[in-house]
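Presented below is the structure to which this report refers.
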Protein chains: 2
Amino acid sequence: MNIGTAADQANLPPKTIRYYEEIGLVTPSRAENGYRDYSENDVHRLRFLQRSRSLGFTIDECRLLLSLYDDKNRASADVKAVALEKVTEIDRKIADLQSLRDTLATLAKHCHGDGRPDCPIIDDLAGEAANAAT
Amino acid sequence: MNIGTAADQANLPPKTIRYYEEIGLVTPSRAENGYRDYSENDVHRLRFLQRSRSLGFTIDECRLLLSLYDDKNRASADVKAVALEKVTEIDRKIADLQSLRDTLATLAKHCHGDGRPDCPIIDDLAGEAANAAT
DNA sequence: ATAGGGCTTCCAGTTACTGGAAGGTCAAGA
DNA sequence: TCTTGACCTTCCAGTAACTGGAAGCCCTAT
C-alpha cells in the first residue's frame, strides 16, 4: 500500500513515516513507479512505533522495543525493565515539574497582579528577594 | 569583567552566555583586546535569565520577562499572567506524564518479567491486546 | 488534455544549547 | 625574555524528532 494509506492505518503523518525509514526503523519495499509499498507487517511496526512514542519512549528505546517485538525468544523481563526504567524517568520529570509549579504558584500568589510595578516574581527572578519560594 | 567571571557569577556556562548574546538577550561591551566585558547590570540580566530558565520559562518568555524587568512602569499583572500561564502549562504536562506513567506502570505490573517471551507490554504496543491500560 | 491529489527527493528550520577546532591574548614563572 | 597554560575569540557541526516547503514526477478522473 502507498504511504498515505499506511499513514492512515498507523495514525502517523507521512513525513514521520519517511523519517522513520530514513533512520532505519521501517523500510518498505518500492513499487515499480518508485512509490513506497508498505506491507501489513510494515504497518504493524509503524503502529507499534506510534504507540511506543506516544507512551514517551525515545526513538532509541523504540528501536530496542521493536527488536524485542521481533525477537520471539525475548525474555519478558527485558521488556519490563525498559518499561520500569521509563516509569522511574517519568516520575523524576513529574517531581521536577511539580517543584517548578509550586515555586511559580507561590510567587504568583504573592503578586498583587495590578497596575503597579512592584512584583515579587520579578524580584525573585532578579535574585533580589529573600527566596520567597524555592 | 571577562566572560569566565560573569559565568561564575551568573552560574551559567560561557557557551550559554555567548549564545544569549547571539540571540540578543545580553550584549556586553568589548574590551580593547576583543574580549567581552560584562558590567554588573549584564551579570544581573544573566542571573535573571538563569533563574527564569531554571523555572521552566522558554527563551522567548525570558525575553518578555526581561523586558518587564527593565520596564519600571510595568504592571505586575502582566508578570503574574506570564507566571500563571506557565503554571497552567506545567499542570498540563504533569497530567500528561502522570497518565503515561500510570499506563506504563499498569502494563509493567501485568508483565511476569521472567525468561519467557509472553509480554503484555509488547502486546499493548503491538495493539494486539484489549487495551490493558490506556 | 488537463486538473487535482499524491508521491518523490532534498533542504532548511525548530529549541536551547554543547562540543570541538583553529587561533589570538594574557599573566606568571624560569 | 621566553614559554606555558589558562582563557578568550570565531565558526561549524551536532543534538531529538520531526515539520514545512520547494521542485518535480505519477496517477486517476473528467
Side-chain angles (χ1 to χ4, degrees), chain A residues 1-39 42-43 45-66 86 89-90 93 96-97 100, chain B residues 1-39 42-43 45-66 86 89-90 93 96-97 100:
Chain A
M1 78 189 71
N2 283 351
I3 196 171
T5 311
D8 289 344
Q9 295 195 14
N11 196 26
L12 284 172
K15 276 274 187 186
T16 299
I17 296 181
R18 289 195 197 96
Y19 172 69
Y20 287 169
E21 177 178 353
E22 189 186 324
I23 62 177
L25 284 178
V26 177
T27 310
S29 56
R30 295 288 178 137
E32 302 236 326
N33 58 12
Y35 284 18
R36 288 170 179 80
D37 185 14
Y38 291 87
S39 69
D42 289 335
V43 173
R45 294 170 68 83
L46 289 173
R47 290 178 64 82
F48 186 97
L49 283 169
Q50 102 76 219
R51 175 80 175 141
S52 307
R53 290 288 298 127
S54 78
L55 284 178
F57 292 105
T58 66
I59 289 286
D60 266 359
E61 286 159 350
C62 289
R63 214 182 285 277
L64 171 56
L65 288 170
L66 259 188
K86 181 57 65 175
E89 183 189 325
I90 294 176
K93 277 191 191 163
D96 288 351
L97 286 176
L100 292 187
Chain B
M1 79 189 72
N2 282 350
I3 197 170
T5 312
D8 289 344
Q9 294 195 16
N11 197 27
L12 284 172
K15 276 274 188 187
T16 299
I17 296 180
R18 289 195 197 95
Y19 173 68
Y20 286 169
E21 176 179 354
E22 190 185 325
I23 61 175
L25 284 178
V26 177
T27 312
S29 56
R30 295 288 179 137
E32 303 235 326
N33 58 12
Y35 285 17
R36 289 170 179 80
D37 186 15
Y38 291 87
S39 69
D42 290 334
V43 172
R45 295 170 67 83
L46 289 172
R47 291 179 63 81
F48 186 97
L49 282 169
Q50 101 78 217
R51 175 77 175 143
S52 306
R53 291 286 300 126
S54 77
L55 284 178
F57 291 105
T58 65
I59 289 286
D60 266 359
E61 286 160 350
C62 289
R63 213 181 284 276
L64 171 57
L65 288 170
L66 259 187
K86 182 56 66 174
E89 183 189 326
I90 294 175
K93 277 190 191 162
D96 288 351
L97 286 175
L100 292 187

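The chains referred to below are lettered A, B, ... by the order of the sequence lines, with proteins before strands, and numbering in each begins at 1.
P28(A) and D42(A) make their closest contact through CA-OD2, 3.6 Å (heavy atoms, listed as atom of the first residue, atom of the second, distance).
Distances shown here put every side-chain N or O of R53(B) at or beyond 4.0 Å from the OP1 or OP2 atom of dT15(C). The shortest distance between the side-chain N/O atoms of R30(B) and the OP1/OP2 oxygens of dT10(D) is below 4.0 Å. Here R36(A) does not reach the OP1 or OP2 of dC7(C): none of its side-chain N or O atoms lies under 4.0 Å away. Between dA16(D) and Y19(A), no contact under 4.0 Å exists linking OP1 or OP2 to a side-chain N or O. Of the side-chain N and O atoms in T16(B), none sit less than 4.0 angstrom from OP1 or OP2 of dA16(C).
Across the protein-nucleic acid pair, E22(B) atom CD and dA13(D) atom C1' stand 13 Å apart, rounded to whole Å. E21(A) places its CD atom 16 Å from the C1' atom of dA17(D), with the value rounded to the nearest Å. Distance, K15(B) NZ to dT15(D) C1': 14 Å, rounded to whole Å. Atom CD of E61(B) and atom P of dT15(C) are 12 Å apart (whole Å). For D8(A) and dG6(C), the CG to C1' distance is 12 Å, given to the nearest whole Å. Look at CG on L25(B): it is 11 Å from C1' on dA16(C), rounded to the nearest Å. Rounded to an integer number of Å, the gap from D37(B) CG to dC26(C) P is 13 Å. Atom CG of N33(A) is separated from atom P of dC7(C) by 11 Å (rounded to the nearest Å).
When heavy atoms are screened at a 4.0 angstrom cut-off, I23(A) is found touching no nucleic acid atom at all. No contact: F57(A) has no heavy atom under 4.0 Å from any strand. P13(B) comes within 4.0 angstrom of the backbone, heavy atoms only, and of no base.
Taking the side-chain hydrogen bond (donor to acceptor under 3.5 Å, both in side chains) definition, one finds that Q50(A) meets it with nothing, sequence neighbours left out.
Side-chain contact check for I59(B) versus Y20(B): some heavy-atom pair is nearer than 4.5 Å. By the 4.5 Å heavy-atom criterion applied to side chains, K86(A) and T58(A) are counted as neighbours.
Around the CZ atom of R47(B), the shell of radius 6.0 Å holds no more than 12 heavy atoms that belong to other residues, nucleotides or ligands.
Between Y35(B) and G34(A), the residue anchored closer to the 5' end of DNA chain C is G34(A), taking for each the nucleotide with the nearest heavy atom.
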